[in-house]
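Comments concern the structure below.
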Amino acid sequence: MEGCQLKSPVTIKGIERELICPACKELFTHPLILPCQHNVCHKCVKEILFAFEDSSGGSESSNQSSPRIRITASVDRIDRITRSASQRKSFGWRGRKHNSVTSRLSLFPCPGCQRNIDLGERGINGLFRNFTLETIVERYRQAARAAIAIMCDFCKPPPQESTKSCMDCSASYCNECFKVHHPWGTVKAQHEYVAPTTNFRPKILMCPEHEMEGVNMYCEICRRPVCHLCKLGGYHANHRVTTMSTAYKTLKEKLSKDIKYLISKESQVRAHIMQLDLLLKETECNSERAKEEASQSFEKLFHVLEEKKSAALRAIEASKTLRLEKLQMQAEEYQGLLENNGLVGYAQEVLKETDPSCFVQTAKQLHVRIQKATESLKSFRPAAGATFEDFVVDIAKQEEILGDLSFHSNGLEIPEINEEQSRIYNKALISWECPGNVDSADIYVLEYRKLNREDETEMWQVEVCSKSKVISDLDDDSSYAFRVRGYKGSICSPWSREVVLRTPPAPVFSFLFDDKCGYNSEHLLLNPGRTSVESRAGFPLLLGSERLQVGCYTTLDYIIGDTGIAKGKHFWAFHVEAYSYLVKVGVVSSHQINKLFHNSHDVTSPRYEQDSGHDSGSEDTFFDSSKPCTLVTLGMKKFFIPTTPAAPKDPASRILPLPSCLGICLDCDNGKVEFYDADCMKCLYECKVNCSGMMYPMFALMGGAAVHLEEAVTAKYEEHDDNV
C-alpha cells in the first residue's frame, strides 16, 4: 500500500475544510461516496437514515438543531434498517409517496446538497468507501497530532507503542507482538506492513453489488467503478464503460490539467483574495458607520417623540389642575347648602334676628344668594368634565409611516437599465436611467459577467460618468449579464436588476448597399449613406401596368452588398419596415449574380415565379444550388419559413411574427446560412448553401417596402447624456 506512505506535496493543514463531514462537522470517519458524489461518514449515514425513518413515520420527534443527530437506538435496529434498505425494490425518484416504507428507505437526504438521494437496492451496502479521502484524513490527523502514538492491539495491559501496522491483518503491533503473530517461515511473514496507522484499506476495491468481485471497469454514465458482472447482466449492462486503467489515466490527466490551470491562476486567485480581504475590512467599517448613522437617526426620532411626549403630558396636567380647582370650588358651594353648614347655616342664624331694620339690611343680599343656590340645585351641571377625550394622541398615520421605515442610501435612486436603448451588435451599448430622471449619483459602476462559463468565473467593472457605456471585446455567441449602481462619495445605491443580452453567433460583417451592380434606380431609392433602401412604387410602375395581365405581378427588384465574403463565419443584421409588402433576404454567390440580374422579366406568373412571395409550391425547389440565390420571404409583419421536406406541412405553422430586427449568419466553411431574430439571437431557420464563390448579402423588394442596415455600435454612443 504505497499510497499510505506517500507524503503530501501540499500543506496538509490547509485543506481541513475539505476533510469535514457535512453531517457531523468533524473529520471524516470511514467516508462513503453518495450517488451525488458527496462524502458522508458511515455512521452519519446510518444515523441520518434512522432519524429520517422516525421523522417520516412520525413515531418520535427529534431535535436536529445540533450538528450531529444523536441516536440512542441499538445496533440491531440500525442493522435491521440497513438490511431492509438492501432488500427493498428500487423505484424512480420522481412520484414517490413519502409516507410509504419504501420511500423512507430509498430516499436519503444528502447533508451536502440537501437533495433526496436514491441509495439503490442495496442501500448503505451499495455505497463505495472513499479510501483515498480516508488516507488523506489519516495524514491530516498525523500532522495535527504528531505526538499521539498508536498503541499495539495485542499487548497485555498496559499496551506498548506500536512500531508497524499489518495491512493484511488490519492491526498494529509492537516489535515483540509482531514477531509472535508473524513468525518467520510462515505465510503471515509475507504480509505487507507499513508505519503505524489506523487507516487500513483493502488491496483490491471490491464491488458493492457483487461482493466477491473486484472492480475493473468504470461506468461513464454513472461515474463509478463496476465489475464485469455489473456489465454483463447488472444495472450497467447497457451503459458505456471503459477499462479502469483508461479511466485512471483520463481522469488523472483531466484533474492534473485542471489543477495546473488553477495553479497558473494563482496570481488571479490572490488578487481576488486581496479584494475579498479589503471587502471584509470595508464591510466591518461600513457596518459600524451604518450602525452609528442608524442610531443617530433613531435618536433624532426619540428626541422628537420625547418632546412631543413632554408637551402632551404638560397639557394634560394643566387641564387636570384647572378642572380640579373648578370642581373643588363647586363642591364647596354645594357643601354650604347643607343644614347648619355654609350658606344655609348662615341664613338660619339671620332668621333669628328680631330687629326688623337690621334683618332687612342683611336678608336682602342673603335672599339673592339663596335664590341662586336654589336655581343651581334645580339645574345641576358639573363645573368641569372628568374625561380627557380631547387629549387622545392620534398616531395611526405616524405608526404606518414608522412601519414602512427602511434603509435609504442617502437619497440615491436605484438606476434601471433601459432595455430598449441597450443592444449588442459589434459591441455592447448599455444605457440606464434613474427613476424620475433624477441624477443624484456622481458616477456609476457598470458590472458585467459572462454566463455559462466552464473555465472560470470573472466579473468586470467599469466606472462611467454618463448614463451609457460601450463595451468591446465580448465573445461571440455568448450571454452576458449587466447591472449598474450609482455612487455619491462613498455611498452607493443598490444594484439594478440584471439584464441579460446575447452576442451575435459570429463576428459582425460591415457593408453598404451596392449602388452599381444591378441597382435599379427607377424602382429603388438609396439614402446618401447607402444604409437604407426603399422600393418606390411611382410612375414607372403605373406606366408598366399597361402590360400587366390579370393575376400577374411585377418582378422583384434586387440589390446586394458592396462587399463579398470568401471564407469564415459572419453575421449582419437589418430592420424591415412594418409596412413592407414583400421583402426577400439572404445570400447570393458571385457566379450567380449575372444570371440573377440578366434574366429578370417585366411580368411573371405567381405560379412559376419562385420569388413571387406566394405559397404556390415553387419554394419546394427554392434552395437548389442551380437557383441564383438563397432567400427567405418577409412581408406584412410576417416571417415565412420556406417549404422544405423538413419544414412543417401545416402552412400556418410556417408563419412567424416578423422580429423588429433580423440577422443573417453565413458560415462559408460549413456551407450553411442561418436566419436569426437579432433581438434575442434566436435562430428561426437554417439551410445549406453552395459557397464555392464569393458570397454577397442579397435583398429583394416589391411594392411598398424598406430595409435598413443595423448601425454599428461606436464610441460616439458613450457621449449620450440624460436625453438619450
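Fair warning: this is a prediction, and the values are worked out from it, not measured in the lab. One-based numbering along the sequence shown.
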> Taking the six-membered ring for Trp, is the centroid-to-centroid distance between Y519 and Y558 below 6.0 Å?
Replying inline: no

> Can R502 and S479 be counted as having a side-chain donor-acceptor contact under 3.5 angstrom?
Replying inline: yes

> Which heavy atom of A705 sits nearest a heavy atom of M702, and at what distance?
Replying inline: CB-O, 4.2 Å

> Looking at side-chain heavy atoms only, is the closest gap between V484 and V445 below 4.5 Å?
Replying inline: no

>> Between V464 and I443, is there a side-chain heavy-atom distance shorter than 4.5 Å?
In response: no

> Are any non-hydrogen side-chain atoms of I430 and I417 less than 4.5 angstrom apart?
Replying inline: yes

>> Between E419 and S422, do the side chains contain a donor N or O and an acceptor N or O under 3.5 Å apart?
In response: no

> Where do E577 and K637 land on the salt bridge (charged side-chain N to carboxylate O under 4.0 Å, His left out) test, with the steps shown first?
Replying inline: CA-CA 8 Å; E577 288 290 352; K637 300 181 181 180; over 6 Å; no

> Checking side chain to side chain contact (heavy atoms under 4.5 Å, CB included) for the pair E447/W495: CA distance, chi angles, key distance, verdict?
Replying inline: CA-CA 9 Å; E447 182 182 273; W495 286 108; 3.7 Å; yes

> About how many Å separate CG of N670 and CG of D667, when rounded to the nearest 0.5 Å?
Replying inline: 4.0 Å

> Step by step, would you call Y480 with I471 a side chain to side chain contact (heavy atoms under 4.5 Å, CB included)?
Replying inline: CA-CA 11 Å; Y480 286 85; I471 305 296; over 6 Å; no

> Which of these passes ring-ring contact (aromatic ring centres under 6.0 Å, His included) with F574: F509, Y676, F699?
Replying inline: F699

> To the nearest 0.5 Å, what is the distance between NZ (K469) and OH (Y444)?
Replying inline: 15.5 Å

> Between CZ of F513 and CG of L524, what distance do you get to the nearest 0.5 Å?
Replying inline: 9.5 Å

> Can S660 and D679 be counted as having a side-chain donor-acceptor contact under 3.5 angstrom?
Replying inline: yes

> Is it the case that more than 12 heavy atoms not belonging to N238 sit under 6.0 Å from its CG atom?
Replying inline: no

>> Looking at D477, is its backbone amide N or carbonyl O close enough to the side chain of T503 to form a donor-acceptor pair, meaning the two atoms are under 3.5 Å apart?
In response: yes

>> Run the side chain to side chain contact (heavy atoms under 4.5 Å, CB included) test on I641 and V632 for me, step by step, so that the C-alpha distance in whole Å, both residues' side-chain angles and the decisive distance to 0.1 Å come before the verdict.
In response: CA-CA 7 Å; I641 298 177; V632 297; over 6 Å; no

>> Go through it in stages, so that I can follow the logic: the residues are Q37 and R223, the test is side chain to side chain contact (heavy atoms under 4.5 Å, CB included), and I'd like the CA-CA distance, side-chain angles, deciding distance and then a yes or no.
In response: CA-CA 9 Å; Q37 303 303 309; R223 296 185 299 174; 4.0 Å; yes

>> Tell me the closest heavy-atom pair linking P504 and F571, and the distance in Å.
In response: CB-CD2, 3.5 Å

> Does V533 reach the side chain of L701, with side-chain heavy atoms less than 4.5 Å apart?
Replying inline: yes

> How long is the span from the NE2 atom in H272 to the OG atom in S267, to the nearest 0.5 Å?
Replying inline: 9.5 Å

> Do F639 and L684 touch side chain to side chain, with heavy atoms closer than 4.5 Å?
Replying inline: yes

>> Nearest 0.5 Å, please: how far is CD in E416 from OG in S496?
In response: 8.5 Å

> About how many Å separate CD1 of I273 and CG of L278, when rounded to the nearest 0.5 Å?
Replying inline: 12.0 Å

> Do the side chain of D514 and the main chain of I560 share a donor and acceptor less than 3.5 angstrom apart?
Replying inline: no

> Minimum heavy-atom separation for D476 to S478, with atom names?
Replying inline: O-OG, 3.0 Å

> Going by the salt bridge (charged side-chain N to carboxylate O under 4.0 Å, His left out) test, which pairs reach into residues 561-571, not counting sequence neighbours?
Replying inline: R530-D562

>> Is it the case that the side chain of R654 and the backbone of F640 share a donor-acceptor pair, with hydrogens and angles ignored and the cut-off at 3.5 Å?
In response: no

>> D473 vs K427, test: salt bridge (charged side-chain N to carboxylate O under 4.0 Å, His left out). Steps then yes/no.
In response: CA-CA 7 Å; D473 302 325; K427 300 178 182 179; over 6 Å; no

> Less than 4.0 Å between a side-chain N and a carboxylate O, is that true for K260 and E253?
Replying inline: no

> Under the side chain to side chain donor-acceptor pair (under 3.5 Å) criterion, do Q592 and S589 qualify, and how do the steps go?
Replying inline: CA-CA 5 Å; Q592 298 166 337; S589 67; 3.0 Å; yes

>> In the structure I gave you, are the side-chain heavy atoms of L666 and C691 within less than 4.5 Å of one another anywhere?
In response: yes

> Within the side chain of N527, is there an N or O that forms a donor-acceptor pair under 3.5 Å with the backbone of S532?
Replying inline: yes

> If we only count heavy atoms from C-beta on, is the V587 to M698 side-chain gap below 4.5 Å?
Replying inline: no

> If every non-hydrogen atom of R423 is compared with every non-hydrogen atom of E710, which pair is closest and at what distance?
Replying inline: NH1-OE2, 2.7 Å

> Is the number of heavy atoms from other residues, nucleotides or ligands under 6.0 Å of Q461 CD greater than 12?
Replying inline: yes

>> Which heavy atom of E686 sits nearest to which heavy atom of E674, and what is that distance?
In response: OE1-OE2, 3.3 Å

> Can you find a heavy atom in the side chain of S431 that is under 4.5 Å from one in the side chain of K467?
Replying inline: no

>> Checking the side chain of S580 only, and the main-chain atoms of V576 only, is there a donor and an acceptor separated by less than 3.5 Å?
In response: no

> What are the two closest non-hydrogen atoms of F482 and A428, and how far apart are they?
Replying inline: CZ-CB, 4.3 Å

